[in-house]
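Data block below; observations after.
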Amino acid sequence: MKKLLIVSLLAAAVEVAAQTGNSSEPVAYVGGEICNPRLHEGGFRYAIGTENIQVLRANRTHPEWAEGTGFTYNHAPNLTYWNGKFYLEYLTSPADEHEPPGMSLLATSEDGRTWNRPVVAFPAYEPPKGITPPEGYTGYMMHQRMGFYTAPNGRLLLLGFYGHSGDPFGKGGIGRVVREIKANGTMGPIYFIRYSSHTSWNESNTSLPFYTKSKDKGFREACDALLKDRLKTLQWLDEDRGLDGFYTLKDSVNTVQATNYYHRKDGKTVALWKWSYAALSDDEGASWSAPVRCPTLIMAGGKQWGQRTRDGRYAISYNPIETQPYRYPLIIITSDDGITFDSLGIVHGEVPPRRFFGINKDFGPCYVRGITEGEQQPEDYNMWLTYSVNKEDIWVSRVPLPVRTTWDGPVHDDLTKLPSQSPVPDWNVYRSQWAPVYIGDNGEGLWMKDGDRYDYARVIRVFEETACPRLSLYMVVEQEQDEAFEVDLTDRHGTRALSLTLHKGIIEAQYEDGHRINVGSYTIGRPFYIDVSADTASGYATVNRSACPLMHSVKSMERLSLRTGAYRNLPDRQTPNQDRQTPLALCDEPCQESAYRILSLKTFPSSGE
């Protein structure tokens, strides 16, 4: 009898320990989808209506078109919203990670979709006269795990961390700095708010005063409030492990990096870190469970971001693959309770060529962050994220809520009726600075332009999954250049079932073996239709009354992709990441622009259903 009781108790203990949501597994992804490493999109569905917006396009030879420095390593952006404006801070250095002179820049936007030119937020560190870097260090750099803090008194603080180049952590650190962003957009003086606990830096041997020397009482009060906030300051942990006991998290083996946190509906605080680590706090960060790796959150060192969204649900965004140099795609998973996540969708599925080599410039969209819990939120019904692409360009994404990955019912989108420059409801948009996508004036519809040699404009419309899609696309080719415009019908994994090219007045179905079939024609400047009926069972499609075989066999189709350039699958997981290369030819110069207008899209019930 005793043995049976012991066995029962052990079984119950194991069952409790295995329950998702406790300290042994604070969060879990239960959708079961695994990334296809051969595809930039990973083989996943899209988070419908997401808009990818390029904030900064690095430019070495024309810095006046970028941020003024010509630096090509741009990374680790942070985002907040305050008094009706978005603020985005990111790191920059000449070419390589942790290279001097590193600094932080600040960009602003009224709506999150149009961004002002970045300005210097924290300049390159200049030590006092006679102070030189310790042995083994060659210069100074800016680093940051936290960018912004809105204090209880309403002040907005901007933060960063000065350290020595090569390794700003631990003994390589100097200290955290802070300045205020004023309501008129100006920035106050820079102060240290905390020195590294691993070193002996202080006010006597650094070039900036300590914040207590400020004559602004409100600023000092904002800094005091931040220093007392255990959750906000936990974001500083891996730059300074707190040998003085400043942090309450006990991470004896220094495993966690890049803190992010949110509160679950049950009141517990979830902390998330790189490499799938998570922990729980029952007392607002006064104590923490031991950080553990959540086995269902597959990721490497590209950061993860979790938050409660404005629709009352939860979301985590990350790169769902364990290969460190290849960080794509960027995805989102959602949850009702902040514990069990499902419904994986793509936020950013594009990997353009890396134009400039740099040490540790990993491929893809990574180091994602959103607006930290407790900060002001925009009034719109979106989740806003920021990240770098190839550690070279800075992007933001606007993810409509609630997050959806499938579409029900017909599509009847008349894009000529949308207001000028407005977002495009239910369309996924990928737009860079030299390949803009926007709603034009006076009923012009959706413009897709492309003046970039190494990138393209792209839009995607998800429709109801069907084995026999029927649709009608109405558009205008306004101006062509060397590359063809491509129209793809794909399945849920992004497999191209039908791929059409539009170039020099001819519409062709293209195939991977190089052969093409003429399926129609058009005239520059005149609207025309592309009517498609397809049947996955027979493997054929009809395009404007011309029959052609499908490009690839699929079970069903569910999205239309329009692209101003050719389909790409490079770089891939075999593309060397650290082989030195010269900058891509003419990558800092725009090329002659192509231009297209999308007027409408309709889908129809399938004749086979």
Regarding [X] and [Y], is there a side-chain donor-to-acceptor distance under 3.5 Å anywhere?
{"X": "D413", "Y": "W427", "answer": "yes"}
{"X": "E239", "Y": "H143", "answer": "yes"}
{"X": "D111", "Y": "S109", "answer": "yes"}
{"X": "Q481", "Y": "S594", "answer": "no"}
{"X": "W273", "Y": "T259", "answer": "yes"}
{"X": "Y73", "Y": "N360", "answer": "no"}
{"X": "D491", "Y": "S556", "answer": "no"}

Original post:
Name the one of D588, D455, D393 that satisfies salt bridge (charged side-chain N to carboxylate O under 4.0 Å, His left out) with R355?
Top reply: D393
**OP:** Could you point out which residue of E41, E33, E558 forms a salt bridge (charged side-chain N to carboxylate O under 4.0 Å, His left out) with R492?
**Re:** E33
I'd like to know if the side chain of [X] and the backbone of [Y] have a donor-acceptor N/O pair within less than 3.5 Å.
{"X": "S93", "Y": "G102", "value": "no"}
{"X": "H503", "Y": "D482", "value": "yes"}
{"X": "K274", "Y": "A258", "value": "no"}
{"X": "D238", "Y": "Q257", "value": "no"}
{"X": "R563", "Y": "D488", "value": "no"}
{"X": "R431", "Y": "E51", "value": "no"}
{"X": "K361", "Y": "R354", "value": "no"}
{"X": "Q421", "Y": "G440", "value": "no"}
{"X": "R597", "Y": "E444", "value": "yes"}
{"X": "N319", "Y": "P365", "value": "yes"}

Original post:
Is any NZ, NE, NH1 or NH2 atom of the basic residue among K391 and E99 found under 4.0 Å from an Asp or Glu carboxylate oxygen of the other?
Top reply: no
Original post:
Does the pair E512/R496 count as a salt bridge with the N-to-O cut at 4.0 Å?
Top reply: yes
Can you name the nearest heavy-atom pair linking [X] to [Y], along with the distance?
{"X": "Y137", "Y": "D167", "answer": "CE2-O, 3.6 Å"}
{"X": "I371", "Y": "F86", "answer": "CD1-CE2, 4.4 Å"}
{"X": "N52", "Y": "S397", "answer": "ND2-OG, 2.7 Å"}
{"X": "I53", "Y": "R113", "answer": "CG2-O, 3.5 Å"}

Original post:
Do other residues, nucleotides or ligands put more than 12 heavy atoms under 6.0 Å from R293 CZ?
Top reply: yes
Original post:
More than 12 heavy atoms of other residues, nucleotides or ligands under 6.0 Å from CD of Q592: is that the case?
Top reply: no
Original post:
Does Y328 have R573 sitting over its ring (NZ/CZ under 6.0 Å from centre, angle to axis within 45°)?
Top reply: yes
Original post:
Y387 ring centre to R327 NZ or CZ under 6.0 Å, with the angle to the axis within 45°?
Top reply: no
Which word best sums up how the rings of [X] and [Y] line up, parallel for under 30°, tilted for 30 to 60°, or perpendicular for over 60°?
{"X": "W447", "Y": "Y438", "answer": "parallel"}
{"X": "H75", "Y": "Y367", "answer": "tilted"}
{"X": "H164", "Y": "Y140", "answer": "tilted"}

**OP:** I would like to know whether Y454 and W434 meet ring-ring contact (aromatic ring centres under 6.0 Å, His included); could you show each step before the answer?
**Re:** CA-CA 10 Å; Y454 296 103; W434 290 359; 10.0 Å; no
Subject >> Of E486, R516, E483, the residue whose pairing with T501 passes side chain to side chain donor-acceptor pair (under 3.5 Å) >> reply: R516
Subject >> Stepwise side chain to side chain contact (heavy atoms under 4.5 Å, CB included) test for Y162 and M142 >> reply: CA-CA 5 Å; Y162 279 127; M142 169 61 54; 3.2 Å; yes
Subject >> All salt bridge (charged side-chain N to carboxylate O under 4.0 Å, His left out) counterparts of R117, not counting sequence neighbours >> reply: none
Original post:
Picking from F485, F528, Y474, what satisfies ring pair (Phe, Tyr, Trp, His ring centres under 6.0 Å) with Y522?
Top reply: F528
